[in-house]
S.K.: 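My questions will all concern the structure given below.
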2 protein chains.
Amino acid sequence: MARTQGSKAEITGPLVRDAARRLFARHGFAAVSMRQIAAEVGLQVGALYTYTPDKQALLADLMHSHMEDLLAAWQDDPARPALERLERFLRFHIKTSLERPEAVFLSYMELRNLAPGNRRVIAELRRRYEDALEAILIAGEAQGTMSVPDSRLTTMALIAMLTGVTNWYREGGRLDQDRVVAIYWDLVRGAVGA
Amino acid sequence: MARTQGSKAEITGPLVRDAARRLFARHGFAAVSMRQIAAEVGLQVGALYTYTPDKQALLADLMHSHMEDLLAAWQDDPARPALERLERFLRFHIKTSLERPEAVFLSYMELRNLAPGNRRVIAELRRRYEDALEAILIAGEAQGTMSVPDSRLTTMALIAMLTGVTNWYREGGRLDQDRVVAIYWDLVRGAVGA
DNA sequence: GTCTATATATTGATAGAC
DNA sequence: GTCTATCAATATATAGAC
């Protein structure tokens, strides 16, 4: 028999995660209390522990599922020209960063507040994401369509540059998403000497 | 009469600030207790309050003095070619970031943990620093030596890219500072279409 | 200037009623 | 599944002795 539609657990669980993600991103993991999260959802503290064994697991879970989503959503095709792959990566990264800025910011910033075991796991996932970009730069260099003197440094530089979009972009601001992508693509294309 | 040389206050005060800077940068402001800071310096908690009225003021002071140092140290010459000014800015920014990574990281990340009044002050100083770079990009566009379709976005993108160096650079690692500067300069020069 | 001791508030987490 | 009540730990900050 199917699970009860609209059972409270299936509604409240995601709400708890949403609130935690938002608050952690805005104020930092350590600065947010379980009581604040509960209040944001309209619960009392005790009820949160139906949805997470503890605060640390809540953070780790948010970061973990974000990185898994990211890696699952990124589909590359090594057979295509490297420049085309790079543009797709850029568009993917900016799109994700603007759609889920809190999750991106969390996974980027809160590694230091993870327990060592959790940190290793997330660092490894992040590494795989970085490697996806680096593979494109290496291919571009090999194909002669890019000039990338140090693929590792360039990878880190480009990701830092693109992720920075979460620091200043405001919905409904001066630039819309397509325009942002277009400008970043100009910058990145130039940076890799294409 | 001159102040007593080597009085404890003149030694301990900076030590407190150093410890706080290091710990705040590593674990985040909210995650660090006054007890941890005291222990790092070899004091008991109460003694810290000789050097700061409270924890918030300690953070604000660290960020404030860093930004003031940064702005005082940056000397631009608008009469020089924009490309030359840009290279100097890049060298200055990377040099500072590698010499004082904790201060740079703090001022970049902990705005959110400042009380509103302090936040306004630091945000304004940061804005002035960003404007110093943007002025160079605008001059480059005007001189025809750079192609910068959106000077504000490019400013934010370049600063994010350069500041990212604190995330991965390790003293004694694969690349020394001059090599890092050289590679970043290739990236930046390309990005601004020079 | 630093210590010990302490006031007061808040934290993460648990127990048991409903 | 959520509440109320509570525990033990820890937080910032202050007071007064030395």
S.K.: Roughly, in whole Å, what's the span from CD1 in A/Ile37 to C1' in C/dA13?
M.R.: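 Between C1' of C/dA13 and CD1 of A/Ile37: 13 Å.
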S.K.: Roughly how many Å is it from CG in B/Asp54 to C1' in D/dA13, rounded to a whole number?
M.R.: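 Rounded to the whole Å, the gap is 9 Å.
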S.K.: Could you state the CE-C1' distance from B/Met34 to D/dA13, rounded to the nearest angstrom?
M.R.: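 That distance rounds to 8 Å.
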S.K.: Mind listing the N/O atom pairs, protein and nucleotides 2-6 of chain D, below 3.5 Å?
M.R.:
residue : atom : partner : partner atom : Å
D/dT2   : OP1  : A/Thr12 : OG1          : 3.2
D/dT2   : OP2  : A/Tyr51 : OH           : 2.4
D/dC3   : OP2  : A/Gln44 : N            : 2.7

S.K.: Is a salt bridge present between B/Arg85 and B/Asp77, judged by a nitrogen-to-oxygen distance below 4.0 Å?
M.R.: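 Salt bridge absent between B/Arg85 and B/Asp77.
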S.K.: Between A/Asp18 and A/Arg22 (salt bridge meaning N to carboxylate O under 4.0 Å), is one present in this structure?
M.R.: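 Here A/Asp18 does not pair with A/Arg22 in a salt bridge, since their nearest N and O are not under 4.0 Å apart.
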S.K.: Establish, with yes or no, whether the OP1 or OP2 oxygen of D/dA11 is under 4.0 angstrom from a side-chain nitrogen or oxygen of B/Ser33.
M.R.: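 B/Ser33 to D/dA11 OP1/OP2: side-chain N or O found under 4.0 Å.
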S.K.: Measure the acute angle between the ring planes of A/Phe89 and A/Phe92, then classify it against the limits of 30° and 60° as parallel, tilted or perpendicular.
M.R.: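 The rings of A/Phe89 and A/Phe92 sit tilted, inter-plane angle from 30° to 60°.
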S.K.: Please classify the nucleic acid contact of A/Val16 as base, sugar-phosphate, or nothing, using heavy-atom distances under 4.0 Å.
M.R.: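 Contact class for A/Val16: none.
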S.K.: Roughly how many Å is it from CG in A/Leu59 to P in C/dG12, rounded to a whole number?
M.R.: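 In whole Å, C/dG12 P and A/Leu59 CG are 13 Å from each other.
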S.K.: Can you tell me how far P of D/dA9 sits from CD of B/Gln36, to the nearest Å?
M.R.: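 For the pair B/Gln36 CD and D/dA9 P, the rounded distance is 18 Å.
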S.K.: Among the nucleotides D/dA11, C/dA13, D/dA13, which one has an atom lying closest to any side-chain atom of B/Tyr49?
M.R.: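 Minimum distance to the B/Tyr49 side chain belongs to D/dA13.
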S.K.: Would you find a donor on one side and an acceptor on the other, under 3.5 Å apart, between the side chain of A/Thr166 and the backbone of A/Thr163?
M.R.: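 Yes; at least one donor-acceptor contact below 3.5 Å.
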S.K.: Heavy-atom distance under 4.5 Å between the side chains of B/Arg88 and B/Trp74, does that happen here?
M.R.: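 B/Arg88 reaches B/Trp74 side chain to side chain.
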S.K.: Are a donor atom and an acceptor atom from the side chains of B/Thr52 and B/Arg17 found within less than 3.5 Å of each other?
M.R.: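 No, B/Arg17 and B/Thr52 have no side-chain donor paired with an acceptor closer than 3.5 Å.
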S.K.: Starting from P on D/dA13, measure out to CG on B/Leu58 and report it in whole angstrom.
M.R.: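 Rounded to the whole Å, the gap is 10 Å.
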S.K.: Can you measure A/Phe29 atom CZ to C/dT11 atom P for me and round it to whole angstrom units?
M.R.: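 These atoms are roughly 13 Å apart.
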